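Here is how names work: the chains are called A, B, and so on, in the same order as the sequence lines, proteins then strands, and each is numbered from 1. Model, not experiment: these values are computed from the prediction.
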Amino acid sequence: MTMTSSVPEPVAYDPAAIEARWRERWAELGTHRTDIAQGESPFYALMMFPYPSAEGLHVGNLFAFTGCDIYARFQRLQGHTVFEPLGYDAFGIHSENFALKVGRHPMELIPSNIRNFRRQLDRAGLMVDWSKSVDTTDPSYYKWTQWVFLQLHKHGLAYKKAAAVNWCPSCKTVLANEQVVAGACERCGTVVEQRFLEQWFFNISKYAPRLLENLNTLDWSATTKQAQRNWIGRSDGARLRFAVLDPLTDAGSSAVSVTTEVRSGSTQIEVFTTRPDTIFGATYLVLAPEHPLVEQLTTPMQEGVVREYLAASVKQDLVSRKTTKEKTGEFTGSYAVNPATGEMIPIWIADYVLMEYGTGAIMAVPGHDERDFEFAQKFDLPIQRVVAGPGDNAKTPLGDAAYVGDGVLVNSEQFDGLGVEEGKVKATAWLASKHAGVGVTNYRLHDWCISRQRYWGPPIPIIYCDDCGTVPVPEDQLPVLLPNIPDFKPDDSGISPLARHQEWYRVPCPSCGKQARRETDVSDTFLDSAWYFLRYPSVGRDDVPFDRETTKKWLPVTTYIGGNEHAVLHLLYSRFITMVLHDAGHLDFEEPFTKFRAHGLIIKEGAKMSKSKGNVVNPDDFINEWGADAFRTYLMFLGPFEEGGDFRDSGISGVKRFLDRLWASVRDCGTGAADDEVLRKLHATIKKVGEDTPALSYNTAIAAMMEYMNVLRRGERVPARAEVEPMVQMVAPFAPHIAEELWEMLGHKTSVFQSRWPAFDASLLTSDTIDLVVQVGGKTRGKIVVAKDITQDAALAAAKADPVIGKFITGEPKKVILVPGRLLNVVV
RNA sequence: GCGAAUGUGGCGGAAUUGGUAGACGCGCGAGACUUAGGAUCUCGUGCCGCAAGGCGUGUGGGUUCGAGUCCCACCUUUCGCACCA
């Protein structure tokens, strides 16, 4: 070292130069490549792959990726072989709509978007192994997406049916239920219409019980699990059968004598209820307008009004149907028999009953269901109390609202006096014994419609042959390439743009060789992303979607970090596809993500960042001005990772100052012995950062390192090398470029990420004396320095002797409480 | 309506099992060094008060020697689901 005489200008921290240098070195040395075959102690750190938009990387993307990257880098310092891949989810309506808007073809737009994303991602300092990336629009990828479809088809889990589907008139495509938000298209906000189209569905509802059950075994964010539980929507109840009276014979006469036995052979209406205990209060039935029995049950007298009602309800869009509180309906003219009371009850139709749920028919118990009550009031139908709440009896009038609370059954013959829960069980058993019902569990989860009448997706690998019917494309003929067509704009026909291209869809039948035609719909983007994590480790293998041995070694994913906006879409579909592939013998695990953590949202000035608000932060600008290390660290410092935080432009300066000080500390550090007090703080910091980082408590980990820096440099002291070296390792996951540079400055020849996380010396963290807090009458009055194991009497004496505290202790204490190592409370 | 969160200085946010509320950072104030400072460093910074002291974690009660933390009743904001029988 050259010193004294002419003092040389100290080398300042120059993020731009350092970061460029380490980007190159990492690429050169392949630092971020994971040896998939040799990996010992494999650790698969997954982040949700982005949609490569034309706008480029969003701060929200970087927040998520950085959080995952820190976790992954920390695990690497713990000695794991970490695999951190990233790819692009580039198919889908979003890309296609954008391409249409700017008048370019997605096939040329997406690659340029990806290049831009890659440029931005490279600057962020992620430890991503780019040799194992995926692009869902690449035939070498979607070949296997089509393969996944074929596996479902092979196992009877993919089927085609004409169904009322959600149709977005603006995007001109079918939407999954999950993509309809409050009756409007999730993407463009247009009100969704009902249409009847032939669609491919995946039978995910069959897996509902398992998807629900398995949640208990997963280490996932509680909010995410809860969202999935709600979405799967289990409810326990019963299916009950109501015999319909023959309108010609029974209903015509005024003195109807009805047997309480359900007569076999007669028309029956099956309902689903969660309240079989209230069967004695069922005073009418309601069918959904689309219910198949409506036509048969409508009497000639009611035909006119029913028809009118049906016509109106079909026209009505789903929004008003699903959100209007005002009840509407019509009487069909027919009656059914309440199997419990034997009474004749009218059958109505109303659109507050949904065909998609349960059986599409309900028994109405207006006394104990708010919706039924409202309907009964409006149409003057009988309301019967069968549950008595506290203070009520069988005769207490219901007033102006249904009673939905707990209580005991009344007006229910042999069930009178039973509690609601017991009543459910006994009533179900009784009805079952009369062959009028059976206890069942119902799920809200619907089958997954995967057909999209659009262009920008993987063609569904199916061929229709007049002789052979629906024929799956043989696996050895995959991929079914998406043709490059100029006219990819969808129209109103409900038919995919691919259907305009005979040269593409006309193919020989794989089975008989006769002229046949391809399915012209493409599959939902969520199918692309439902299996991508299986592909990463096996990227490069063209013969299999995922290599058996590699998959065994690397999956399930060790830790998945992503946004909670995918709690019920992507995450549920991924679990489903994994389960199916497991059942088909392709995987030996059935849950793809052992641990999942949802990160929070970055907001700005109290609002979500959006172009319309003009509060979008461009990561490039910040990285140019402050460096990627400061930007990363700031993103993690502004709030708890799992909650997100408020991005303030001025906040980053504090983090930059911290890195400047760290830089100067290493640059100037001496070879002398470490100071004892500093060393104690260092080891406490190693402990804290080592605990907070894997807990994703990044903000407090950074705060702890800042605190240490304050101690380290207090009074402009020159730190010792031993005091700063572990600090470089601790900061490395957060600010990898500067850490590498400082590590090198300290004389190391290999990457800091080849080192091991510093160990802390527990013996340095304990001391013989402690600061004992003294309270008098519960109020804190000060603290005294005493021996760690001081007795209560000695502590009291010391407190009395303290000039400040002592004056509060007047007279003989009533009570003295010593919490060893913490505090003394003197009650006077 | 149902479900899940949330509420702490001027601001973002810290606080083991109940045990010094406000760590860390921004901002702000004072000072040092400077031709200069939007650089750097030092000190200060919850509120009221000259002080002693008092008051302070959405509101109102409660338990406790002691409550941001536990219990009861409300209120705020956010997110998810929403006529799911």
A/Trp220 and A/Phe596 aromatic ring geometry - parallel, tilted or perpendicular at 30°/60° bounds: tilted

Touch class at under 4.0 angstrom, heavy-atom based, for A/Val827 against every strand present: sugar-phosphate

5' priority, RNA chain B, between A/Arg781 and A/Ile702 [closest heavy atom]: A/Ile702

Of the listed nucleotides B/rU20, B/rC83, B/rA15, the one nearest the side chain of A/Lys327: B/rC83

Steps toward side-chain hydrogen bond (donor to acceptor under 3.5 Å, both in side chains) verdict (A/Thr328, A/Tyr309): CA-CA 9 Å; A/Thr328 57; A/Tyr309 184 74; 2.8 Å; yes

Sugar-phosphate, base or nothing in reach of A/Asn825, heavy atoms under 4.0 Å: base

Atom-to-atom span, CD of A/Glu356 to P of B/rA82 - whole angstrom: 11 Å

Interatomic distance, A/Leu354 CG vs B/rA85 P [rounded to whole Å]: 10 Å

N-glycosidic conformation, B/rG12 - syn within 90 degrees of 0, else anti: anti

Base-pairing mate for B/rG66 - Watson-Crick or G-U, with both contacts under 3.5 Å: none

Closest to side chain of A/Pro640, choosing from B/rC26, B/rA14, B/rG12: B/rA14

Polar pair under 3.5 Å, donor/acceptor by atom type, side chain A/Gln775, base B/rG19: yes

Sugar-phosphate only, base, or nothing, as touched by A/Lys779 at under 4.0 Å among non-hydrogen atoms: sugar-phosphate

Nearest-nucleotide pick for A/Val773, side chain only, options being B/rU20, B/rC26, B/rG13: B/rU20

Options B/rA23, B/rG12, B/rA85, nucleotide nearest the side-chain atoms of A/Ser235: B/rA85

Rounded distance in Å - NZ (A/Lys688) to C1' (B/rC24): 10 Å

Proximity to the side chain of A/Arg822 - top-ranked nucleotide from B/rG19, B/rC26, B/rA85: B/rG19

Pairing nucleotide - B/rU16, Watson-Crick or G-U, each distance under 3.5 Å: none

Sugar-phosphate only, base, or nothing, as touched by A/Arg229 at under 4.0 Å among non-hydrogen atoms: nothing

Short side-chain N/O contact to B/rA4 OP1/OP2 from A/Ser221, under 4.0 Å: no

Distance, rounded to the nearest Å, where A/Tyr403 contributes OH and B/rG1 contributes C1': 17 Å

Distance in angstrom units between A/Leu823 CG and B/rU17 C1', rounded: 13 Å

Sugar-phosphate, base or nothing in reach of A/Arg648, heavy atoms under 4.0 Å: sugar-phosphate

A/Glu707 and its salt bridge (charged side-chain N to carboxylate O under 4.0 Å, His left out) partner, picked from A/Arg713, A/Lys688, A/Lys681: A/Lys681

Parallel, tilted or perpendicular: ring planes of A/Phe375 versus A/Phe379, cut at 30 and 60 degrees: tilted

First of A/Asn442 and A/Thr223 reached from the 5' end of RNA chain B, by closest nucleotide: A/Thr223

Residue A/Leu638, side-chain heavy atoms: nucleotide from B/rG19, B/rG12, B/rA23 that is nearest: B/rG12

Touch class at under 4.0 angstrom, heavy-atom based, for A/Arg239 against every strand present: nothing

Residue A/Thr274, side-chain heavy atoms: nucleotide from B/rA4, B/rA82, B/rA85 that is nearest: B/rA85

Side-chain touch A/Leu712/A/Met705, heavy atoms, less than 4.5 angstrom: no

Aromatic contact, A/Tyr284 with A/Phe242 (centres under 6.0 Å): no

Complement of B/rG31, any strand, by Watson-Crick or G-U distances under 3.5 angstrom: B/rC41

Base paired to B/rA36 (Watson-Crick or G-U; both N/O distances under 3.5 angstrom): none

Minimum-distance nucleotide to A/Trp231 side chain [options: B/rC24, B/rA82, B/rG12]: B/rA82

Gap between atoms CG and C1', on A/Asp649 and B/rG12 respectively (whole Å): 13 Å

Minimum-distance nucleotide (side-chain atoms of A/Arg657 versus B/rG3, B/rU40, B/rA85): B/rU40

Sugar-phosphate, base or nothing in reach of A/Phe375, heavy atoms under 4.0 Å: nothing

Strand partner of B/rG53, provided both Watson-Crick or wobble distances fall under 3.5 Å: B/rC48

Crowding at CD, A/Glu370 (>12 non-hydrogen neighbours, <6.0 Å): no

Complementary nucleotide for B/rA85 - Watson-Crick or wobble, under 3.5 Å: none

Near-ring test A/Phe641/A/Phe63, centroid separation under 6.0 angstrom: yes

Spacing between A/Leu818 atom CG and B/rG66 atom P, to the nearest angstrom: 17 Å

Spacing between A/Ile232 atom CD1 and B/rC81 atom C1', to the nearest angstrom: 14 Å

Listed nucleotide nearest any side-chain atom of A/Met706, set B/rC26, B/rA85, B/rG25: B/rG25

